[in-house]
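This report concerns only the one structure given below.
So you know, we letter chains A, B, ... as the sequences are listed, proteins then strands, and number each from 1.
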Number of protein chains: 2
Amino acid sequence: MQIAKGVEWTTHICTVIALLPPGRGLAVDVLADFFEVPSAYLSKQMQLLRRAGVVESVRGKSGGYRLAKTPDDITLLDIVLAIEGPKPAFRCTEIRQNGPCGLKRTDCKRPCEIAAAFAEAERVYRDALKVKTLASIMQEAAVNAKPEHLNDIGNWVQQQLP
Amino acid sequence: MQIAKGVEWTTHICTVIALLPPGRGLAVDVLADFFEVPSAYLSKQMQLLRRAGVVESVRGKSGGYRLAKTPDDITLLDIVLAIEGPKPAFRCTEIRQNGPCGLKRTDCKRPCEIAAAFAEAERVYRDALKVKTLASIMQEAAVNAKPEHLNDIGNWVQQQLP
DNA sequence: GCCACGATACTCGGATATAAATTGTCCGAGTTTATTAGG
DNA sequence: CCTAATAAACTCGGACAATTTATATCCGAGTATCGTGGC
């Protein structure tokens, strides 16, 4: 059970493109260099975020990616669901219906207690990610980071704009 | 991000071998038939549970698997950790240390806010699985199931004992 | 000087390989049990 | 009849494939920009 690397990468990247002036974007190659990750694969992950409505893309010479919503409206759960897909991690295959003592389909109206327990655990997991917005993450980071580092990032972003 | 099927299988199986008389066990082949799952692969998963101290194995003619602890002392988290391993699902690769604005190692004493958020989410996830003991699952199932079905399972278990 | 057109450079986007993890299988190591021969 | 050695049957256990998923890559589709020629 491992979360795709794209979740880590794209989350970090969202905190960077959130600093862009309105209407501007940054290219995948540039963002990939910023974190030293493979750009082609990152491109694939950013497409997933775009389809989920987290970011927007602009083609052409001075195009790139930018946030599709305000950092307040983007949660870590949004990013995880965009990359990993919506289906839960625990797969109930209804094996209680199998074998010599298998239940009939009609007697399986309620989910089995094991599946219910895992569903509940995933619910609280998702809730924990839902309350973490991109804005809150950035705020925490701003509080903990050295001011000079924040400046470095801000300046770097400015430099990338043509 | 998917949980191995072995988690579902072995959890169901634990609820069955919990019904055994003290000191008795059931063979993998028998348990595999009960849920119609591949026995050789199930064997692999049961070995993981044994190494984690959830079940005990007895070799030889009338051997098999039985619980190593009381159902009160076995949680769903124990089973998940036994099958999936102890490492968290979210992998922080410290990409904040990469690239032109990368932080120095010495400035990364605290975990980054993104990794911290995912760690917190996994903590509540594990806590939710930790409070679900095998005993509590079996109790819920006993309440919801038809009495005849419980009898069927009990009788089947008895029949398997030589 | 200004505008329209075309070429160009740059970007995303999906189709395509490679690596890794999960899933599934097989046969040998180790025990218990039943059998059998001897006392 | 009882005991003990022996053989057999049955079980787990780890080493060995096949399949799916995740990771990584490449090249074509599309668009804004820049250059150029004409008006």
- Query: Would you say the side chain of A:L19 lies within less than 4.5 Å of the side chain of A:I153, judging by non-hydrogen atoms?
  - Reply: yes
- Message: Taking only side-chain N and O atoms of B:S62, does any of them lie within less than 4.0 angstrom of OP1 or OP2 on C:dT31?
- Response: no
- Item | Whole-Å distance separating the CE atom of A:M46 from the C1' atom of C:dC12 | 11 Å
- Message: Need one value for A:R66: base, sugar-phosphate or nothing, where a base atom within 4.0 Å counts as base even if backbone is also close, heavy atoms only.
- Response: nothing
- Message: Without decimals, in angstroms, what is the distance between A:L42 CG and D:dA22 P?
- Response: 17 Å
- Query: Does the side chain of B:Y41 get closer than 4.0 angstrom to OP1 or OP2 of C:dT23 through an N or O atom?
  - Reply: yes
- Query: Salt bridge or not for B:E140 and B:K132, using N-O below 4.0 Å?
  - Reply: yes
- B:Y65 has its side chain closest, among C:dG24, D:dC12, C:dG13, to D:dC12
- Query: Just wondering, do B:T75 and B:V131 contact through their side chains at under 4.5 Å, heavy atoms?
  - Reply: no
- Gap between atoms CZ and C1', on B:R24 and C:dT32 respectively (whole Å): 12 Å
- Message: Expressed as a whole number of angstroms, how long is the span from B:K5:NZ to C:dT22:P?
- Response: 13 Å
- Item | Side-chain N,O (B:R91) to OP1/OP2 (D:dT23) below 4.0 Å | yes
- Once you round it to whole Å, what is the distance between C1' of C:dG14 and NZ of A:K44? 8 Å
- Task: Output the single nucleotide from D:dT31, C:dG14, C:dG30 whose closest atom is nearest the side chain of A:R59.
- Result: D:dT31
- Using a cut-off of 4.0 Å on non-hydrogen atoms, how would the nucleic acid contact of A:A40 be classed: base, sugar-phosphate, or nothing? base
- Query: C:dG24, C:dT33, D:dC26: which one has an atom nearest the side-chain heavy atoms of B:K61?
  - Reply: C:dT33
- Query: Which comes earlier along DNA chain D counting from the 5' end, the contact point of A:G60 or that of B:V30, where each point is its nearest nucleotide?
  - Reply: B:V30
- Round to the nearest Å and state the distance from B:L48 atom CG to C:dT23 atom P. 12 Å
- Message: Could you check whether any side-chain heavy atom of B:L67 comes within less than 4.5 Å of a side-chain heavy atom of B:P71, counting everything from C-beta outward?
- Response: yes
- Query: Within less than 4.0 Å of OP1 or OP2 of D:dG14, is there a side-chain N or O belonging to B:R51?
  - Reply: yes
- Report yes if a side-chain nitrogen or oxygen of B:S43 is closer than 4.0 Å to either non-bridging phosphate oxygen (OP1 or OP2) of D:dG13; otherwise report no. no
- Query: How long is the line joining CG of B:L161 and P of D:dT11, in whole Å?
  - Reply: 12 Å
- Query: For atom CD of B:E94, is the number of surrounding heavy atoms from other residues, nucleotides or ligands below 6.0 Å larger than 12?
  - Reply: yes
- Item | 5′-ward residue of the pair A:G64/A:Q2 relative to DNA chain C | A:G64
- Query: Quick one: are the ring centres of B:F34 and B:W156 less than 6.0 Å apart?
  - Reply: yes
- Query: At under 4.0 Å between heavy atoms, what does A:A27 touch on the DNA or RNA strands: base, sugar-phosphate, or nothing?
  - Reply: sugar-phosphate
- Query: Roughly how many Å is it from CG in B:L31 to P in D:dT11, rounded to a whole number?
  - Reply: 11 Å
- Which comes earlier along DNA chain D counting from the 5' end, the contact point of A:V58 or that of A:G6, where each point is its nearest nucleotide? A:G6
- A:Q47 side chain near C:dG14 phosphate (N/O to OP1/OP2, under 4.0 Å): yes
